[in-house]
Amino acid sequence: MEEKKRPLMNSCDFMGVKPIMMDLPYPPIQVKEKNPAYANLLSIDCCGAVSEMTAIIQYINNENRLSCEKCPVARTILGIAIAEMIHLQKLSELIFLLGGSIDFVAKYQDGRKRMWSPEYLSIPENMERMLTADIEAEKAAIHQYRMHMKMIKDPYIYAVLARIIKDEEYHIMLLQSF
């Protein structure tokens, strides 16, 4: 007689996971005036190779692969992914106010346009490499935001980007703790 095998299951519970971000308010989402050039810069932050879209998908992928064996890490990564979704939403609002389009296309200054692609993801096999890739991605995002802040002469946008950077720095600290 065959033994009954226990079903395989993931016991990691994701109910109640909240965005992991600094406990600081975001500035109002507003712009001085329409500016398609600024909208294009922010489109790169939304869905370029280094972007909120890339971060979200990479974090979700890592969370999925870690959830069965490293539930606390997976829950933290999911919370970070939710914060990145909020960043994407705020950037998208700014793009809209600036007169840009929300179409997951990064629009570069040289006229090139590139739709977001999964080729931007880093998908290492073990947790240490995943966390290292996530930390490097956060650092690259901060660098890109700072570069864009130097190019954008709108104090409202500057304030939102500065606030997003605070979350990204917090994410690095958390990821390094693992």
Side-chain angles (χ1 to χ4, degrees), residues 1-27 29 42-95 102-104 106 114-146 148 159-178:
M1 186 166 165
E2 276 187 46
E3 283 185 42
K4 280 193 171 184
K5 291 185 179 180
R6 290 180 40 183
L8 299 175
M9 60 186 291
N10 183 353
S11 61
C12 191
D13 182 5
F14 293 101
M15 294 302 294
V17 173
K18 293 183 176 17
I20 294 180
M21 51 203 323
M22 295 295 291
D23 188 18
L24 299 167
Y26 272 88
I29 303 301
L42 295 180
S43 76
I44 297 166
D45 297 323
C46 271
C47 55
V50 174
S51 68
E52 297 298 337
M53 179 65 96
T54 300
I56 292 163
I57 302 302
Q58 186 164 305
Y59 280 127
I60 295 294
N61 181 276
N62 291 347
E63 167 266 313
N64 282 320
R65 293 185 303 142
L66 292 172
S67 66
C68 290
E69 296 175 2
K70 305 279 187 191
C71 185
V73 176
R75 287 178 57 86
T76 299
I77 289 174
L78 181 59
I80 293 172
I82 296 168
E84 303 296 355
M85 290 176 204
I86 292 168
H87 298 165
L88 179 69
Q89 189 272 333
K90 292 190 179 304
L91 292 171
S92 296
E93 280 186 77
L94 289 171
I95 290 168
I102 313 302
D103 53 11
F104 301 103
R114 186 115 194 251
M115 181 168 259
W116 184 86
S117 169
E119 71 188 35
Y120 300 149
L121 300 174
S122 175
I123 307 178
E125 286 305 314
N126 67 47
M127 185 177 94
E128 184 179 331
R129 288 195 177 124
M130 284 179 206
L131 296 173
T132 299
D134 292 341
I135 290 166
E136 291 308 311
E138 293 283 5
K139 288 177 180 178
I142 291 167
H143 174 75
Q144 183 169 284
Y145 280 129
R146 288 188 174 138
H148 288 170
V160 173
L161 297 181
R163 174 61 187 82
I164 289 173
I165 287 172
K166 290 183 185 306
D167 288 339
E168 307 299 20
E169 291 170 336
Y170 183 54
H171 296 162
I172 290 170
M173 184 193 72
L174 288 172
L175 293 167
Q176 286 174 333
S177 73
F178 289 122

So does F104 have more than 12 non-hydrogen atoms from other groups sitting under 6.0 Å from CZ? no
Non-neighbouring partners of E168 that pass side-chain hydrogen bond (donor to acceptor under 3.5 Å, both in side chains), sequence neighbours left out: H87, H171
Hey, are D23 and Y170 close enough side-chain-wise for a donor-acceptor pair under 3.5 Å? no
Determine whether H143 and R146 satisfy the following criterion, side chain to side chain contact (heavy atoms under 4.5 Å, CB included), listing intermediate values before the conclusion. CA-CA 5 Å; H143 174 75; R146 288 188 174 138; 5.9 Å; no
Who passes side chain to side chain contact (heavy atoms under 4.5 Å, CB included) against V17, sequence neighbours left out? F14, R75, L78, I82
Hey, what do you get for CZ (R114) to SG (C47), rounding to the nearest 0.5 Å? 11.5 Å
Set of residues satisfying disulfide (SG to SG under 2.5 Å) with respect to C71, sequence neighbours excluded: C12
Are any of the side-chain heavy atoms of D167 and L24 separated by less than 4.5 Å? no
So L131 and I77, side chain to side chain contact (heavy atoms under 4.5 Å, CB included) or not? Walk me through it. CA-CA 9 Å; L131 296 173; I77 289 174; 4.2 Å; yes
Decide yes or no for I123 and N61: does some side-chain heavy atom of the first lie under 4.5 Å from some side-chain heavy atom of the second? yes
Does the pair K70/E128 count as a salt bridge with the N-to-O cut at 4.0 Å? no
Begin with the C-alpha distance, continue with both residues' side-chain angles, and end with the deciding distance and a verdict on side chain to side chain contact (heavy atoms under 4.5 Å, CB included) for D134 and I80. CA-CA 10 Å; D134 292 341; I80 293 172; over 6 Å; no
With the side chain counted from C-beta on, respond yes when M173 and E138 share a heavy-atom pair under 4.5 Å apart, and no when they do not. no
Under 4.5 Å between any side-chain heavy atoms of W116 and S51, yes or no? yes
Looking at side-chain heavy atoms only, is the closest gap between L91 and L161 below 4.5 Å? yes
side-chain hydrogen bond (donor to acceptor under 3.5 Å, both in side chains) against N64, all qualifying residues, sequence neighbours excluded: none
Taking only residues two or more places apart in sequence or in another chain, which ones pass side-chain hydrogen bond (donor to acceptor under 3.5 Å, both in side chains) with E93? Q89
Check: L174 main-chain N/O paired with S177 side-chain donor or acceptor under 3.5 Å: yes
Is there a side-chain contact between C46 and L88 (heavy atoms, below 4.5 Å)? yes
Among residues at least two apart in sequence or on other chains, which ones pass side-chain hydrogen bond (donor to acceptor under 3.5 Å, both in side chains) with Y145? E52
Using side-chain heavy atoms (C-beta onward) and a distance below 4.5 Å, is M22 in contact with R163? yes
How about R65 and M127: do any of their side-chain heavy atoms sit closer than 4.5 Å? no
Check the surroundings of atom CD in E69: do more than 12 heavy atoms from other residues, nucleotides or ligands lie under 6.0 Å from it? no
